[in-house]
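Structure record follows, encoded as structure tokens.
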Amino acid sequence: MEFPRLLTLLLIVLEWTRPGLLSPLRPICDLRVLDHFIKEARDAEVAMKSCREGCSLSESVTVPQTRVDFDVWEKKIALEKAQEVQIGLWLLKQALSLLRTSVTNTALHGHIDSSIRNLLSISAVLRSLNIQEFTPPDSATGLEGTWTVSSSTDLLQVHVNFLRGKVRLLLLDAQACQQDVS
């Protein structure tokens with residue numbers, strides 16, 4: 001279980017540090033990388049659902065909406081889609097970091113840590129696709145397309161659904177991954 005995660009991270013790091021690299025990072029377009037992150041997010045969700053003690057959130061957290069209206073999504077320009085996903089990734093990282101400090105069940109710490117690392121890796125994948133970086137706001141207050149959850153299982157379900165939905169759609173639409181791009 002640890003080997004695939006390390007292999008994914010190693011591949012990303014090797015792309016960054018390849019000697020003699022004169023051009024930007026080669027795009028990471030293989031959705032199996034995202035599928036791996038989704039599987040680990042599901043594993044964390046399952047572990048949390050089976051937790052009986054020491055697994056609650058200390059306070060409510062703001063998370064991204066996961067529902068996708070495909071007509072609206074298709075009409076958005078790439079920059080809007082990228083910003084929506086990056087805001088969601090930022091919100092999830094903040095929420096999972098709070099969950100990590102709230103959870104006293106040490107068996108769950110590895111799942112939560114892995115989820116946080118995977119969100120950082122997804123951000124690296126977005127950079128490899130030349131998707132403009134996003135500067136997070138000072139707080140989540142007033143952000144559009146968000147809602148609040150108060151349970152750890154709800155948070156992890158949002159995490160899985162966000163990866164399966166908006167992140168996947170953004171990667172599928174990435175210009176750097178289109179067949180006609182050389």
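It should be emphasised that the depicted structure is a prediction, and the values quoted were computed from it without experimental measurement.
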Out of curiosity, does Ile87 fall in the hydrophobic cluster containing Val72 (side-chain heavy atoms, cut-off under 4.5 Å, transitive links)? no

State, with a plain yes or no, whether a side-chain heavy atom of Leu169 is found less than 4.5 Å away from one of Lys81. no

Find out if a path of hydrophobic residues (ILVMFWY) with successive side-chain heavy-atom gaps under 4.5 Å connects Leu31 to Leu170. yes

Gln94 side chain vs Leu91 backbone, donor-acceptor pair below 3.5 Å: no

Would the distance check show the side chain of Ser102 and the main-chain N or O of Leu57 forming a donor-acceptor pair, the cut-off being under 3.5 Å? no

Mind checking the CG-NE2 spacing from Asn161 to His159? Nearest 0.5 Å is all I need. 10.5 Å

Could you state whether Phe70 and Leu172 fall into the same hydrophobic cluster, counting links through intermediate Ile, Leu, Val, Met, Phe, Trp or Tyr residues with side-chain heavy atoms under 4.5 angstrom apart? yes

Between the side chain of Thr66 and the main-chain N/O of Phe162, is any donor-acceptor distance below 3.5 Å? no

Does Thr104 have any side-chain contact (heavy atoms from CB on, under 4.5 Å) partners at least two apart in sequence or in another chain, and if so, which? none

Is the shortest heavy-atom distance from the side chain of Val167 to the side chain of Leu89 under 4.5 Å? yes

Measure from the side-chain N and O atoms of Lys166 to the backbone N and O of Pro64, and report whether any donor-acceptor pair falls under 3.5 Å. no

Using side-chain contact (heavy atoms from CB on, under 4.5 Å), reason through Thr146 and Gln65 one step at a time and then give a plain yes or no. CA-CA 5 Å; Thr146 63; Gln65 286 283 352; 5.7 Å; no

Output the distance between atom CG (Leu163) and atom CZ (Arg42), rounded to the nearest 0.5 Å. 9.5 Å

Considering only heavy atoms from C-beta outward, does the side chain of Leu156 approach that of Leu96 to under 4.5 Å? yes

Are there over 12 heavy-atom neighbours, none belonging to Arg168, within less than 6.0 Å of that residue's CZ? yes

Output the distance between atom OG (Ser114) and atom NE2 (His109), rounded to the nearest 0.5 Å. 14.0 Å

Leu155 vs Leu92, test: side-chain contact (heavy atoms from CB on, under 4.5 Å). Steps then yes/no. CA-CA 8 Å; Leu155 167 57; Leu92 287 169; 4.1 Å; yes

Where is the tightest heavy-atom contact between Cys51 and Asn105, given as atom of each residue plus distance? SG-ND2, 3.3 Å

Could you check whether any side-chain N or O of Ser128 sits under 3.5 Å from a backbone N or O of Val125, counting only pairs where one atom can act as donor and the other as acceptor? yes

Keeping Ser121 on the side-chain end and Arg117 on the backbone end, is there a donor-acceptor pair under 3.5 Å? yes

Show, in sequence, the C-alpha distance, side-chain angles and deciding distance for Glu45 and Thr153, and conclude whether the side-chain contact (heavy atoms from CB on, under 4.5 Å) test is met. CA-CA 6 Å; Glu45 181 185 15; Thr153 53; 5.9 Å; no

Just verifying a value: how many Å separate Asp154 CG and Thr148 OG1, rounded to the nearest 0.5 Å? 11.5 Å

Kindly work out whether a path of hydrophobic side-chain contacts (I/L/V/M/F/W/Y, heavy atoms less than 4.5 Å apart) joins Leu119 to Leu99. yes

Separation of Ile38 CD1 from Glu40 CD (nearest 0.5 Å): 11.5 Å

Hydrophobic cluster identity match, Val160 and Trp90, side-chain contacts under 4.5 Å: no

Step by step, would you call Cys29 with Leu129 a side-chain contact (heavy atoms from CB on, under 4.5 Å)? CA-CA 8 Å; Cys29 297; Leu129 299 174; 3.9 Å; yes

Would you check if there is a donor-acceptor pair between the side chains of Ser150 and Ser60 at a distance under 3.5 Å? no

Using 0.5 Å steps for rounding, measure from the CE atom of Met48 to the CG atom of Asp43. 13.0 Å

State whether Asp35 and Lys39 are salt-bridged, where the test is any N-O pair (Lys NZ or Arg NE/NH1/NH2 against Asp/Glu carboxylate O) under 4.0 Å. no

